[in-house]
Novice: 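Mind looking over this structure? Questions follow.
Proteins come first, then strands; the chains are lettered A, B, ... in the order of their sequence lines, and each starts at number 1. On a predicted model such as this, the values are computed, not experimentally measured, just so you know.
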Amino acid sequence: MEHRYDPRAVELRWQERWAADRTHHAEADPSRPKFYCLEMFPYPSGRIHMGHVRNYTIGDVVARQRRMRGFNVLHPIGWDAFGMPAENAAIERGAHPADWTRDNIAYMREQIRRMGFSYDWDRELATCDPIYYRWEQAFFVAMLERGLAYRRKSIVNWCERCQTVLANEQVEDGKCWRCESVVQERDLEQWFLRITAYADELLAGCDRLSGWPEKVLVMQRHWIGRSTGAELRFPLDGRDGDVRVFTTRPDTVFGATFVSLAVEHPLVGDLSRGTSEEAKVAAFVQKVRVQSPDERAEGKDGVFTGAYCRNPFTGERLPIYAASFVLMAYGAGAVMAVPAHDQRDFEFARAHDLPVRVVVQPDGPPLLAGSMDAAHEGSGTLVASGEFDGLPSEAGKTRITEAAAARGIGRSETQYRLRDWGVSRQRYWGTPIPVVYCERDGIVPVPLAELPVLLPVDAEFTGSGGSPLARLEHFVQTTCPTCKGPARRETDTFDTFMESSWYFLRYTGPENTTRAFDPEAIRYWMPVDQYIGGVEHAVLHLLYARFFTKVLRDLGEIPDWEPPGQTIEPFANLLTQGMVIKDGAKMSKSKGNVVDPDYLIERYGADTARLFSIFAAPPERDLDWSDQGVEGASRFLHRIWRVVARGQAWLAAPLDPAPTDTSDAARTLRRLTHKTIARVTDDIERRNHFNTAVAAVMELVNGYGELIQDEPPADPSLRSAIREAVRTTLVLLAPFVPHITSELWDVVGGGVPLAGTPWPDADPSALVEDVVELVVQVNGKVRGRFTAAPDIADDELLARALADPKVQALVAGKTIRKTHVVPGRLVSIVV
RNA sequence: GCCGGGGUGGUGGAACCGGUAGACACACGGGACUUAAAAUCCCGUGGGGGCAACCCCGUGCGGGUUCGAGUCCCGCCCCCGGCACCA
């Protein structure tokens, strides 16, 4: 053994051995319990960054620890390889996206290997590989046949910089999630996936995902945004037709004093045409349509259309307004306005001098329409509501909805904030959408036997003039699969979130060319037991992946692994790790505050990089980069190395089977060793507190470090306890710093490879305390302390406490009013 | 505005069920070793007071419950994240 720790030499040696032995390969084996540990796969942007190091270190700690625990662990890695940066590189540098991506993967694969992550490289996959994306095309065709995919013209979010459409989830603050340019609206023919058909199931799933952070579930629930209410029809006054509105408050219908339409609502033009209001309305519509959503929200503008409708319950004539804040995309694009019970309507009524009518009376002093300064949005008792007077407003919702249905003027309805997922992208570097357009047969899916539709390699990348695929005539020109006549191919590609919506399923058999999934492999490995990644995917990726899993179940592509009656969910436990921060900002190239993992590995070694990223912060929190922190992690590893090197001559001796004559020093050290086992195990398996697990091992090393000298201690039981402590240290640290611990494990004669060593259980007999320290509180303040055997009776403890001179001084001459004994902890005295 | 998560030494962070606040580490100060430095090792380190034993204060602020509150309750302030005319 070298006396100086040389991380690079040690790490290379072990990495070569692991690769040669395919150490981390796992096969489905129903006779063994499984554990599927997954980290969000990387986009091959060029180099790994500290966020990857952190994410994958956390995952590797879990994977390695579960293996030692006896689980058959699936721990795969792959590449989310389609995406715009590859195409941008092609435009800027002339490199083909395929070459650029392949080279990046090659480099990043080596970086990841150098970190010593225990991936099963036999299962590596890349989403740009036709053997991968052909299945995605097959799923899409199946979805098309089931009506789960459809094409329609719609107003879409368009990013001019990226020259493509964005899904609603990809628009942040009105800006593109990737390049941050302002998103515009365009009217385009697009492919959509009917995620709204799964809204209720996605919502129901949230309730059973107890292994997910509450924060993520809240975000998903809100994104789905289910609200129940009623659709009511307000007949137009003096002409045929009606205005349909959606409301969550049918109980307030008697308080409606006007109706508001979105400016895009078809009735706006129809109703104002030929009236004296026509010009005013047209000008208003014109003004609002060019406004951004923010501006629309800003001014609560509106204009009278010149037309009226009638309240379906009272027959009362109500003016119809066009209002900037009403969204065409939500509900019916029209609302019944109840100023007394909706704050927004209240403000609008004030501004336009419209009446306010109270129909829900809360407990307490009666509301008077004339003296209100805000709407009463809460519950109460219905008043001025005809036959419904006196009902609690909650009951009124149901009763009024039922009445509307009976009279044919409405029905109960559920609305979602969630929109269908637009998946068309006008880009080259993605999965081709497997559809052709035939003049005779219309939209024709490419038959399964003809899949994959390969992405052609000979496209040109100019950055302008639309999608490169659309300009490739030999790609576009094709024959119709049905009539064999001339047809044109779809030239859009899929949103890259499609590929990441099912990769975790494909890892169970990525080499399979005859079918997407082997049901037996899926049944064995799924669900993912621990998923780890950044919280920035809380809605996007995680919602799409849940949706896809449910669709694939319905398409019969995967077996349902859930108990009967439970909705299928892909990720049983989710850990969202925080960002890596330096100088108060997220590490990023544009901010110039990145730390290159290569530099860390070169200078300190992978084990130090791993240890630092685990120890510096608990996983959910942001990690503040600190050069000194890295030094500290490195120092700890050097220290362990030195300690083992010093005692190597005698540490390797076998452990005594059961030391009979045990000294106090040995018992104390054994207690520390086994307490550490208990703490570290709990921290890793239950609490995900990896930082405190490492701290516990540091305490253990502090506890015996100075006992290890060149010569062994004379006391044989202490000698044995030290050997046990050192071995335990290496075993407990193995998931965190696998290279150095493997090396030292050989030095101390560990025998079987460290990674194959069973995770230890704490020995309860070693945990028993000989003496415990108790504190004495007088009037709630700590005034003394004493030690006692742990099993002493309460009244004796009290006597011991009162015997303390300091306590006596405080108690003398006063009456003891109350005492309280917590065994093993404290004695509390009140005087 | 609404919904989450936070606020603890000079710093990152511990304290799991209400029971010794500040584990572990960094930084800093002192010492040992060294010709010197690095490395390493030892000691100290929440604030204030005292020669000392000790005493007082202290987990964003103000109240409360309790023998006992960083932890529970009520009312605020501030920071971070998400959503934001969703009818």
Side-chain angles (χ1 to χ4, degrees), chain A residues 4 172-173 213-223 225-227 229 245-249 252 260 262 293-294 296-300 323-327 329-338 342-345 347-348 415-418 535-536 538-539 578-579 581 611-612 615-618 620-633 635-636 638-639 642 679 682-683 686-687 689 691-702 705-706 773-785 805-806 816-822 824-831:
Chain A
R4 233 189 106 71
E172 295 169 352
D173 266 341
E214 190 56 30
K215 168 191 172 130
V216 174
L217 294 174
V218 166
M219 283 166 71
Q220 294 222 347
R221 283 194 191 102
H222 186 262
W223 193 266
R226 179 187 152 109
S227 42
V245 304
F246 172 69
T247 178
T248 55
R249 293 297 303 274
T252 63
S260 305
D294 280 356
R296 282 192 186 201
E298 198 75 11
K300 281 189 178 35
S324 65
F325 62 84
V326 180
L327 306 173
Y330 186 78
V335 289
M336 68 174 199
V338 185
D342 181 285
Q343 186 57 27
R344 203 181 30 200
D345 294 340
E347 288 165 27
F348 194 90
Q415 280 288 335
Y416 301 91
R417 211 185 79 105
L418 184 68
V535 74
E536 65 271 19
V539 175
M579 294 183 295
I581 302 284
L611 187 64
F612 169 73
F615 183 62
E620 299 87 351
R621 271 207 235 180
D622 287 348
L623 184 156
D624 228 331
W625 180 264
S626 149
D627 290 323
Q628 290 98 324
V630 177
E631 289 283 352
R635 218 175 299 167
F636 175 63
H638 275 95
R639 177 150 178 251
R642 268 196 315 275
R679 278 181 65 186
D682 191 50
D683 279 348
R686 184 178 63 88
R687 303 211 307 157
H689 281 204
N691 56 328
T692 52
V694 170
V697 181
M698 287 175 170
E699 283 185 71
L700 174 60
V701 176
N702 290 344
E706 64 187 11
E773 190 188 40
L774 293 98
V775 295
V776 186
Q777 291 184 349
V778 179
N779 288 348
K781 290 192 174 165
V782 179
R783 297 299 180 176
R785 52 194 68 205
K806 266 180 287 179
I816 294 174
R817 301 164 70 104
K818 190 166 183 180
T819 60
H820 194 87
V821 179
V822 182
R825 288 225 177 249
L826 56 79
V827 178
S828 182
I829 298 162
V830 187
V831 296

Novice: Any side-chain N or O of Lys215(A) below 4.0 angstrom from OP1/OP2 of G82(B)?
Specialist: no
Novice: Kindly determine whether Trp625(A) and Phe612(A) satisfy side-chain contact (heavy atoms from CB on, under 4.5 Å), including the steps that lead there.
Specialist: CA-CA 9 Å; Trp625(A) 180 264; Phe612(A) 169 73; 3.5 Å; yes
Novice: Starting the side chain at C-beta, find the nucleotide from A14(B), C83(B), U20(B) nearest to Val775(A).
Specialist: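 Looking only at side-chain atoms, Val775(A) lies closest to U20(B).
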Novice: Provide, to the nearest angstrom, the distance between the CG atom belonging to Leu700(A) and the P atom belonging to C24(B).
Specialist: 13 Å
Novice: Would you call Val831(A) and Ile816(A) a side-chain contact if the rule is heavy atoms closer than 4.5 Å?
Specialist: yes
Novice: Using atom C1' of each nucleotide, how far apart are G58(B) and G70(B) to the nearest Å?
Specialist: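 Roughly 11 Å separates the two C1' atoms.
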Novice: Taking any heavy-atom pair under 4.0 Å as a contact, classify Pro618(A): base, sugar-phosphate, or nothing.
Specialist: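 Result for Pro618(A) = sugar-phosphate.
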Novice: Does Arg226(A) place a side-chain N or O at less than 4.0 Å from the phosphate oxygens OP1/OP2 of C86(B)?
Specialist: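 It does not, given that no N or O in the side chain of Arg226(A) lies less than 4.0 Å from OP1 or OP2 of C86(B).
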Novice: Can you tell me the base-pairing partner of A25(B)? Count Watson-Crick or G-U wobble geometry only, both distances below 3.5 Å, and say none if there is no partner.
Specialist: U11(B)
Novice: Rounding to the closest angstrom, what is the interatomic distance between C16(B) and C33(B) at atom P?
Specialist: 44 Å
Novice: Can you measure Leu217(A) atom CG to G5(B) atom P for me and round it to whole angstrom units?
Specialist: 12 Å
Novice: Find the partner of C51(B): check Watson-Crick (N1-N3 plus N6-O4 or O6-N4) and G-U wobble (N1-O2, O6-N3) distances, both under 3.5 Å, and reply none if neither fits.
Specialist: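 By the stated definition (distances under 3.5 Å), nothing pairs with C51(B).
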Novice: Does Ser828(A) put a side-chain nitrogen or oxygen below 4.0 Å from OP1 or OP2 of G19(B)?
Specialist: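 Checking G19(B) against Ser828(A), no side-chain N or O comes under 4.0 Å of OP1 or OP2.
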Novice: Sticking with atom C1', work out how far U66(B) lies from C72(B), rounded to a whole angstrom.
Specialist: 10 Å
Novice: Whole Å only: how far is the CZ atom of Phe615(A) from the P atom of C26(B)?
Specialist: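 Value for this atom pair: 8 Å.
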Novice: Identify which nucleotide among C16(B), G13(B), C41(B) has an atom closest to any side-chain atom of Arg687(A), counting heavy atoms from C-beta outward.
Specialist: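 Of C16(B), G13(B), C41(B), C16(B) is nearest to the side chain of Arg687(A).
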Novice: As a test of reading the structure: which of C67(B), A23(B), C57(B) is closest to the side chain of Glu699(A), going by heavy atoms?
Specialist: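 Selected nucleotide: A23(B).
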Novice: Which is true for His638(A) with a 4.0 Å heavy-atom rule: it touches a base, it touches only sugar-phosphate, or it touches nothing?
Specialist: nothing
Novice: Identify, between Val335(A) and Asp622(A), the residue whose nearest nucleotide on RNA chain B lies closer to the 5' end.
Specialist: Asp622(A)
Novice: May I ask you to evaluate whether Asn702(A) reaches the phosphate of A23(B), defined as a side-chain N or O under 4.0 Å from OP1 or OP2?
Specialist: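 So the side-chain polar atoms of Asn702(A) never come under 4.0 Å of the phosphate oxygens OP1 or OP2 of A23(B).
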Novice: Quick one: label Val326(A) by what it contacts on the DNA or RNA (base, sugar-phosphate, nothing), any heavy atom closer than 4.0 Å.
Specialist: base
Novice: Taking a pair as Watson-Crick or G-U wobble with both distances under 3.5 Å, which nucleotide is matched to U40(B)?
Specialist: A32(B)
Novice: With a 4.0 Å cut-off on heavy atoms, is Gln415(A) in touch with a base, just the backbone sugar-phosphate, or nothing at all?
Specialist: nothing
Novice: Taking donor-acceptor contacts at under 3.5 Å, does the side chain of Arg817(A) reach the base of C67(B)?
Specialist: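 Answer no: no donor N or O sits under 3.5 Å from an acceptor.
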Novice: By nearest atom, which of the nucleotides C26(B), A15(B), C85(B) is closest to the Gln628(A) side chain?
Specialist: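 Nearest nucleotide to the side chain: C26(B).
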Novice: Between C3(B) and G12(B), how far apart are the two P atoms, rounded to whole Å?
Specialist: 29 Å
Novice: Looking only at side chains, do Arg639(A) and Asn702(A) share a donor and an acceptor under 3.5 Å apart?
Specialist: yes
Novice: Expressed in whole Å, how much space separates the C1' atoms belonging to G9(B) and C24(B)?
Specialist: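 Looking at atom C1' only, G9(B) and C24(B) are 15 Å apart.
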Novice: Indicate, with a heavy-atom threshold strictly under 4.0 Å, whether Ser260(A) touches base, sugar-phosphate, or nothing.
Specialist: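 No contact.
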Novice: It should be established whether Asn691(A) places a side-chain nitrogen or oxygen under 4.0 Å from OP1 or OP2 of nucleotide A14(B).
Specialist: yes
Novice: Write down the distance separating the P atoms in G7(B) and C73(B), rounded off to the nearest Å.
Specialist: 15 Å
Novice: Over how many whole Å does the gap from Arg825(A) atom CZ to A15(B) atom C1' extend?
Specialist: 10 Å
Novice: Checking Thr252(A) against Met336(A) for the side-chain contact (heavy atoms from CB on, under 4.5 Å) test, could you report, in this order, the C-alpha distance in whole Å, the side-chain angles of both residues, the deciding distance, and whether it holds?
Specialist: CA-CA 10 Å; Thr252(A) 63; Met336(A) 68 174 199; 3.6 Å; yes
Novice: Enter syn or anti for the glycosidic conformation of G9(B), syn applying to angles within 90° of 0.
Specialist: syn
Novice: Could you walk me through whether Arg783(A) and Ile829(A) pass the side-chain contact (heavy atoms from CB on, under 4.5 Å) test, one step at a time?
Specialist: CA-CA 10 Å; Arg783(A) 297 299 180 176; Ile829(A) 298 162; over 6 Å; no
Novice: Just how far, in rounded Å, is C1' of G1(B) from CZ of Arg344(A)?
Specialist: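 Going from CZ in Arg344(A) over to C1' in G1(B) covers 13 Å.
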Novice: Give a yes/no answer on whether the side chain of Arg635(A) brings an N or O atom under 4.0 Å of OP1 or OP2 in A27(B).
Specialist: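 So the side-chain polar atoms of Arg635(A) do come within 4.0 Å of the phosphate oxygens OP1 or OP2 of A27(B), strictly under.
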Novice: Can you check the Gln343(A) CD to G1(B) P distance for me, whole Å?
Specialist: 13 Å
Novice: Would you confirm whether the ring centroid of Phe348(A) sits within less than 6.0 angstrom of the ring centroid of Phe325(A)?
Specialist: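 When the ring centroids of Phe325(A) and Phe348(A) are compared, they turn out to be within the sub-6.0 Å range.
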Novice: Choosing from C24(B), G19(B), A87(B), which nucleotide comes nearest the side chain of Ala695(A)?
Specialist: C24(B)
Novice: State which of C67(B), A87(B), U20(B) makes the closest approach to the side chain of Val782(A).
Specialist: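 Comparing C67(B), A87(B), U20(B) against the side chain of Val782(A), the answer is U20(B).
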Novice: Check whether the side chain of His222(A) and the base of G82(B) form a donor-acceptor pair under 3.5 Å.
Specialist: no
Novice: Rounding to an integer number of angstrom, what distance separates A14(B) and G22(B) when you compare their P atoms?
Specialist: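 Straight-line distance between the two P atoms is 15 Å.
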Novice: Please classify the glycosidic conformation of C17(B) as syn (within 90° of 0) or anti (everything else).
Specialist: syn
Novice: If you look at every strand shown and take non-hydrogen atoms under 4.0 Å, does Thr247(A) touch a base, only sugar-phosphate, or nothing?
Specialist: sugar-phosphate
Novice: At under 4.0 Å, does any side-chain N or O of Arg679(A) touch on OP1 or OP2 of A23(B)?
Specialist: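 Answer is no, no contact under 4.0 Å.
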Novice: When the P atoms of G10(B) and G47(B) are compared, how many Å lie between them, rounded to an integer?
Specialist: 7 Å
Novice: For Arg221(A), look at atom CZ and say whether over 12 heavy atoms of other residues, nucleotides or ligands are found less than 6.0 Å away.
Specialist: yes
Novice: May I ask you to evaluate whether Arg221(A) reaches the phosphate of C3(B), defined as a side-chain N or O under 4.0 Å from OP1 or OP2?
Specialist: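 Answer is no, no contact under 4.0 Å.
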Novice: Mapping Met698(A) and Ala262(A) to their closest nucleotides on RNA chain B, which lands nearer the 5' end?
Specialist: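 So the residue in question is Met698(A).
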Novice: Rounded to whole Å, how long is the line connecting atom CZ of Phe636(A) with atom P of G13(B)?
Specialist: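 To the nearest whole Å, that distance equals 20 Å.
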Novice: Would you classify Val822(A) as touching base, sugar-phosphate or nothing, given that sugar-phosphate means primed atoms plus P, OP1 and OP2, and contacts are heavy atoms under 4.0 Å?
Specialist: base
Novice: Taking the side chain of Thr692(A) as heavy atoms from C-beta outward, which of C83(B), A23(B), C41(B) is closest to it?
Specialist: A23(B)
Novice: Which base, if any, makes a Watson-Crick or G-U wobble pair with G4(B), both distances under 3.5 Å?
Specialist: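 Matched G4(B) with C80(B) under the 3.5 Å cut-off.
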Novice: Is a side-chain donor or acceptor of Asn691(A) paired with a backbone partner of Ala617(A) at a separation under 3.5 angstrom?
Specialist: no
Novice: Roughly how many Å is it from CG in Leu623(A) to P in U11(B), rounded to a whole number?
Specialist: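 Spelled out: CG on Leu623(A) to P on U11(B) is 17 Å.
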Novice: Across the strands shown, which category fits Arg621(A) at heavy-atom distances under 4.0 angstrom: base, sugar-phosphate, nothing?
Specialist: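 Arg621(A): backbone/sugar contact only, no base atoms under 4.0 Å.
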Novice: What's the closest nucleotide to the Lys806(A) side chain, out of C54(B), C83(B), G12(B)?
Specialist: C54(B)
Novice: Where the side chain of Arg783(A) is defined as all heavy atoms beyond and including C-beta, which of C55(B), C85(B), U20(B) is the nearest nucleotide?
Specialist: C55(B)
